[in-house]
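We name chains A, B, ... by the order of the sequence lines, and we start the count at 1 in each one. Below, all heavy atoms of this structure are taken into account, side chains as well, without hydrogens, waters or symmetry copies.
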Amino acid sequence: MENANTLRLDKAAPLGGLLAIIGGVIMATTGTLWQSYIYGWLFMAGLTLGALGIVILHNVIRATWSLSILRLAEAAASPLSLFLMFLSWIPIATVGLKEIYLWADPVRSAGDHVLHNKAFFLNPSMFIGCSIAYFAFFIFMSNTLRKSTIRQDQNKDVTESQKRANIASPGLLAFAVVVTFAATHWAMSLEPHWFSTVYPLLSLIGQVNCAVAIATLILCVNANREPYKGIVNAKLTKDLGNILFATTMVWAYLTLSQFLIIWSGNLPEEVPYYRLRAELGWQFLGWILIWGRFFVPFFALLAPKTKRYANTMKWVCIWIILMHILDVFWLVVPGFERGGLFQSIRLGDVGALIGFFGLFLVGFSTEVKKAALVPTHDNRLRENLDHA
Amino acid sequence: MIHAAPKNPVFGLVAEFSHPDDLLHAAEQATKAGYKKVEAYSPFPVHGLTEALDWHESTVPWMIFLAGIAGGLGGFALETWVAVQAYPHNIGGRPLFSWPSFIPVIFECTVLLAGVTAVIGTLAINGLPRPHHPIFGAKNFDRASQDKFFLCIESSDEKFDVSETTKFLEGLDADSVSSVRNDEDDL
């Protein structure tokens, strides 16, 4: 209970429910229901998976930086949170499927040769069957690892760490494969004629980057409260800053790779994706992302002074989160062909973000109370303090 | 490092310790007392020692940063000159100034120049390679690479005074305090 007070999340679950309802009402009444729904869902499901990636990674590498945010990532990617994402996926797979995905609508995709050839993967039963398998895998990983860390907090049995590593190491590999298929089904198939093999990894790294930013933000804001007071110091914020720095660079590397390969190849089946995003104002969003999603955090995190203080790290994290919201907008929304950038900014999308954030908050705030915020099975964070 | 003549025949005063915590404590006290030219010698890295010595050296990071920028701009300039001026070729109908395809080379040039500068800059700022150093003459100093810990307050420090500084070091529970002479060639 002490943990819950620290993050002041006592009333967060009902608040999250309220936000979900408000978001739902906004989406339903502003005319872009399914487009907004899939945007919000992809954003939040992506963050949940980014957090799951951190949890799995931690159990392989057991680094102290990942240990410091482990409980936040575990709560964000808890079985409950993943189940909520699954529940909110059901409308996408049923009533919304034809509205959202061109390939699922036999009328709109009639006579389309490319979609006909892709139909063995992009068809409703494959989509539903695979998605259920993806979620089963995610929930299995999340449930196994979280139960084990909590058990080890209580019984201090060190063999638990090794057991987790044995599951998490092949699990990390499997996670990358499953996320690749999931991102292809859920996000890339929004523009079903287009394809890019980098796209799923690119989405994943953006999500991990944003998930680390959110967790670091929570740490930095609560740096003067127990239990974080004892562990947030210049060394930890530097480590977390370096992880944000590295993931920002990988994001830029993959973004550029995808663009450069398509630009150099100049093939008719690949370029429409960028043609669509290079005109009618979308190019401004592209430039905002190049500068805002890469150069600003890159130079900010290059300076050791930024990473030394929780107070400055806080602002970098907020910036990264805002940029990630725009990044997902850039990935998803141009494909809806609403028109130019300014015609594409709709209230429904804001509603979707509010609603799905609310849904996320329900899972997160319920789960985060259930375990010590700073894991007690691994004392390295506190030992660091003694040597500092 | 090249010192201006005439020089103090004393290089500095050295205190010897048997435990890393004593060295850490002594370093903190010396910093607190206002000494700036303080150096610690230890057989292995001691956690927190850099902070205790309040050691700030930002020359090399800035050199690396500026070299990286120069490398990036240089790579970009080279490519632009080659592609637009020196060897203009029509490649698949693309414009001569196709900057997206320049980016990988810009990146490589940035990393190359920054990396080379990091190595050379670190050596140069530290005055390396340097076969001999006055501290080697300190009593018992060969054990700095085995099991002893040394703190040296150098005579170039503004606050340095042989009797005062000796008294200060003796007050830090040092095993011994001794004076180190500068090399005669340097004097």
Surrounding [atom1] of [X] (heavy atoms of other residues, nucleotides or ligands, distance under 6.0 Å), is the total greater than 12?
X: B:F107; atom1: CZ; value: no
X: B:Y87; atom1: OH; value: no
X: A:K314; atom1: NZ; value: yes

Could you note down all residue pairs passing salt bridge (charged side-chain N to carboxylate O under 4.0 Å, His left out) where residues 283-303 of chain A supplies at least one of them, sequence neighbours left out? A:R293-A:D327

Show every salt bridge (charged side-chain N to carboxylate O under 4.0 Å, His left out) that has at least one partner inside residues 95-109 of chain B, sequence neighbours left out. none

Inter-chain contacts: residues 238-275 of chain A against chain B, heavy atoms under 4.5 Å: A:L256, A:F259, A:L260, A:W263, A:S264, A:G265, A:N266

Apply side-chain contact (heavy atoms from CB on, under 4.5 Å) to A:F299 and list each qualifying residue two or more places apart in sequence or on a separate chain. A:F295, A:L302, B:F65

